Amino acid sequence: MEQPQNIKGMRDHLPPAMLLRQHIINTLVGIFERHGFEPITTPIVEYAETLEGKLGDEEKLIYRFEDHGGRRVALRYDQTVPLARVVAQYSGQLTLPWRRYSVGPSYRGERPARGRYREFWQADADLVGSASPVADAEIIAMLTEALAALGFPGFTTLLNHRQVIGGIARVSGLEEAAAGSVYRAIDKLDKIGPDGVHDELQKTGVTEDAATGILALVQLEGSSADVLHELRQRLQGDERAMAALANLEAIIGHLDSMGVSPEQYQVAPRLARGLSYYTGTVFEAITSHWPAGSLLGGGRYDELIGMFGKQSVPTVGLAFGIDRLHDVMEELGIGPRPQTTAQVYVTVFSDAQMDASLRLAHELRAAGIHTITTLDGGTNLGKQFKEADKRGLRFALVVGPDEVERNEVAIRNMQNGAQRTVPRSAAAAVLREMLGM
RNA sequence: GUGUCUGUAGCUCAAUGGUUAGAGCGCCUGACUGUGGAUCAGGAGGCUGUGGGUUCAAUCCCCAUCAGACACCCCA
């Protein structure tokens with residue numbers, strides 16, 4: 001290790017990136033809390049067996065190792081399984097239904113690609129302990145509010161139900177066991193097109209007729225009502241699918257009152273999603289401006305918590321991909337792009353004036369203004385202004401001998417060069433106003 | 001995990017199988033001794049990702065390794 005370097009797929013986030021990330025996280029948390037979701041944090045390291053047996057195929061991507069005590073441990077793969085562990089473990093202390101959120105990193109040993117990293121952050125929100133369609137609707141409403149608050153221009157939430165897909169497979173005469181590869185094939189519809197899916201299905205052993213039938217179903221598009229109607233016709237006789245369709249209809253029925261308009265979502269029978277713990281609704285949000293994966297994903301998993309030994313607790317939730325949101329916003333130029341956290345730069349005229357500047361800075365900070373000063377009193381003013389400019393500060397203040405004598409402060413607007421002198425006692429108030437605080 | 005491509009100064013990129021590897025931007029200093037973004041003049045900064053090999057000689061050719069990009073797989 002002669003050269004400092006990152007582990008593959010694990011990134012450093014320097015201030016410019018971090019400031020945007022914080023904006024994203026703060027925005028999401030704001031929406032979560034507006035809906036009364038409560039924060040929790042769980043360890044990044046879990047017993048390997050806690051994570052095993054919950055994810056399906058993806059399990060091979062779990063980071064596993066032995067700790068010093070020889071315990072088989074793993075880095076968490078998402079925040080959903082740890083949540084399920086927590087709910088099972090603290091059932092006596094939780095009042096259900098429980099709205100909780102959690103923000104932090106998860107780890108997957110995948111080959112990194114665009115919008116995909118081995119360490120990635122998710123903002124996860126789940127509504128634990130309710131099977132009501134209102135719960136599903138609330139999660140979808142929240143995701144819609146969040147993407148709008150972040151400023152995403154055109155996004156769509158694709159909505160489906162595991163038992164709709166199951167029904168499609170059953171109606172096509174497929175064994176339950178074959179369903180997995182069918183899910184994967186139809187999930188690729190947007191990428192490889194109908195012919196591609198047809199080939200893919202046949203490759204997995206589906207008959208030509210069945211493939212054609214499946215394809216006709218998963219390609220359904222149009223208004224949610226139309227798609228649901230059509231699915232109901234074609235899946236007739238499959239009870240579980242009928243129940244799923246009724247459930248979707250009930251959820252959609254609440255969306256309007258929750259502020260979600262019909263053009264912001266669509267029923268998409270092709271949406272499968274890989275995680276095996278989903279049992280009901282599944283959804284993800286995509287934007288046409290970003291080809292590399294969804295911005296968030298989620299669904300209902302009514303059996304996962306029960307896997308930790310106690311009774312099942314119906315739950316629906318979602319995870320925003322912070323890194324993807326960041327990458328897309330960066331690429332599309334969405335959102336604020338602050339260069340720094342400081343707002344005001346207090347110059348130091350000379351060593352003799354150092355304390356006057358420090359005192360002023362202290363007062364400004366006490367007034368809530370983010371303030372930095374020069375550290376070296378021997379630096380000439382020109383250099384200090386240059387630094388203030390480079391750092392992207394909005395105002396530079398001067399308290400030289402003249403200002404001290406007149407008990408004033410000079411405030412210079414670094415964006416347009418306008419400079420004014422105000423009474424020392426008014427400096428904080430004036431700045432607060434100029435900063436729009 | 002599979003395949004393809006890439007890796008030279010802080011950043012974006014040049015260059016040649018052979019003496020001290022270049023440019024722009026950025027950075028530092030000065031012209032400007034109470035005021036930044038312009039201009040001009042100087043300056044610092046590279047064992048060419050790392051480790052091997054071929055060769056009289058390698059940044060350039062070969063192998064490995066690490067990291068990155070893209071596609072596949074799959075997902076946030």
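What you are looking at is a predicted structure, and each value in this text was computed from that prediction instead of being measured. In what follows, chains are A, B, ... by sequence order, proteins preceding strands, each numbered from 1.
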Which atoms of nucleotides 40-45 of chain B (N or O only) lie under 3.5 Å from a protein N or O atom, and what are those distances?
none

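- Contacts of A/Gln419 with the nucleic acid, taken as non-hydrogen atoms under 4.0 Å apart, include base atoms.
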Would you tabulate the side-chain donor-acceptor contacts of residues 423-437 of chain A under 3.5 Å, counting partners in other chains and residues two or more places apart, or write 'none'?
residue  : atom : partner  : partner atom : Å
A/Arg424 : NH2  : A/Glu363 : OE1          : 3.3
A/Arg424 : NH2  : A/Glu363 : OE2          : 2.8
A/Arg432 : NH1  : A/Ala367 : O            : 2.4

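- Heavy atoms of A/Glu119 sit nowhere under 4.0 angstrom from any nucleic acid atom.
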Short N/O separations, protein against nucleotides 25-32 of chain B, under 3.5 angstrom:
residue : atom : partner  : partner atom : Å
B/rU29  : OP1  : A/Lys383 : NZ           : 2.9

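- Distance noted for atom P between B/rU35 and B/rG49: 46 Å (whole Å).
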key: Criterion side-chain hydrogen bond (donor to acceptor under 3.5 Å, both in side chains) on A/Tyr277 and A/Asp78, from CA distance to verdict   = CA-CA 12 Å; A/Tyr277 52 62; A/Asp78 63 10; 2.6 Å; yes
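- Every side-chain contact (heavy atoms from CB on, under 4.5 Å) that A/Gln415 has, sequence neighbours left out, goes to A/Arg394, A/Asn413.
- Partners of A/Tyr278 under the ring pair (Phe, Tyr, Trp, His ring centres under 6.0 Å) rule, at least two apart in sequence or in another chain, do not exist in this structure.
- A cation-pi arrangement is present between A/Lys54 and A/Phe308 under the rule of less than 6.0 angstrom and at most 45 degrees off the ring axis.
- If you measure from atom CD1 of A/Ile62 to atom P of B/rA76, you get 14 Å, rounded to the nearest angstrom.
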Validation: residues 340-348 of chain A side-chain donor-acceptor distances under 3.5 Å, sequence neighbours left out:
residue  : atom : partner  : partner atom : Å
A/Thr340 : OG1  : A/Ala342 : N            : 3.4
A/Gln343 : OE1  : A/His370 : N            : 2.9
A/Tyr345 : OH   : A/Thr374 : OG1          : 2.9
A/Tyr345 : OH   : A/Glu387 : OE1          : 2.9
A/Thr347 : OG1  : A/Leu397 : O            : 2.6

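- Residues satisfying the side-chain hydrogen bond (donor to acceptor under 3.5 Å, both in side chains) test with A/Glu110, not counting sequence neighbours, are A/Arg116.
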inquiry  = Expected output check: what is the dot-bracket annotation of RNA chain B, where ( ) and [ ] are pairs inside the strand (brackets for crossing ones), | is paired with another strand, and pairs are Watson-Crick or G-U under 3.5 Å?
reply    = (((((((..((((....[...)))).(((((.......))))).....(((((..]....))))))))))))....
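- A/Asp302 pairs by the side-chain contact (heavy atoms from CB on, under 4.5 Å) definition with A/Thr279, A/Arg300, A/Pro314, not counting sequence neighbours.
- The residue A/Gln415 sits close to a base: some heavy atom pair falls under 4.0 Å.
- At a threshold of 4.0 angstrom between heavy atoms, the contacts of A/Asp78 with the nucleic acid are absent.
- Between A/Tyr63 and A/Tyr107, the ring planes lie perpendicular to each other; the angle is over 60°, past the 30° to 60° tilted range.
- Among the heavy atoms of the strands, none lies under 4.0 Å from A/Phe320.
- The interatomic distance linking A/Glu331 (CD) with B/rA69 (C1') rounds to 13 Å, in whole Å.
- Residue-to-nucleotide proximity on RNA chain B shows that, of A/Gly115 and A/Ala410, the 5′-proximal contact is made by A/Ala410.
- In this structure, A/Ala396 reaches neither bases nor backbone, as no heavy-atom distance under 4.0 Å exists between it and the strands shown.
- Residue ring and nucleobase are not stacked for A/Phe349 and B/rG34 under a centre distance beneath 5.5 angstrom and an angle between planes beneath 30°.
- We find the CD-OG distance between A/Gln384 and A/Ser357 to be 8.0 Å, quoted to the nearest 0.5 Å.
- Side chain A/Asp389 to base B/rG37: no donor-acceptor pair is found below 3.5 Å.
- Remark: A/Phe395 engages no residue in a ring pair (Phe, Tyr, Trp, His ring centres under 6.0 Å) (not counting sequence neighbours).
- Within 4.0 Å (heavy atoms only), A/Gly9 reaches sugar-phosphate atoms of the nucleic acid but no base atom.
- Using a 3.5 Å distance cut-off with no hydrogens or angles, the side chains of A/Glu303 and A/Ser312 do pair a donor with an acceptor.
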key: Footprint string (nucleotides 1-10 of chain B, 5' to 3'): B base within contact, S backbone only, - free, heavy atoms under 4.0 Å   = BBBB------
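- If you measure from atom NZ of A/Lys8 to atom C1' of B/rG49, you get 14 Å, rounded to the nearest angstrom.
- The residue A/Leu295 sits close only to the backbone: its heavy atoms come under 4.0 Å of sugar-phosphate atoms, none of a base.
- Taking 3.5 Å as the limit, the base of B/rA76 and the side chain of A/Arg108 contain a donor-acceptor pair of atoms between them.
- With rounding to whole Å, A/Glu408 atom CD is found 15 Å from B/rG34 atom C1'.
- For A/Arg412 and A/Gly297, each mapped to the nucleotide of RNA chain B holding its nearest heavy atom, the one lying further toward the 5' end belongs to A/Arg412.
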Identify each donor-acceptor pair in which a side-chain atom of residues 139-159 of chain A lies under 3.5 Å from a protein atom, sequence neighbours left out, and give them as a table.
residue  : atom : partner  : partner atom : Å
A/Thr144 : OG1  : A/Ile140 : O            : 2.8
A/Glu145 : OE1  : A/His35  : NE2          : 3.0
A/Glu145 : OE2  : A/His35  : NE2          : 3.1

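- Ionic pairing of A/Asp323 and A/Arg11 is present here: one or more N-O contacts between side-chain nitrogen and carboxylate oxygen are shorter than 4.0 angstrom.
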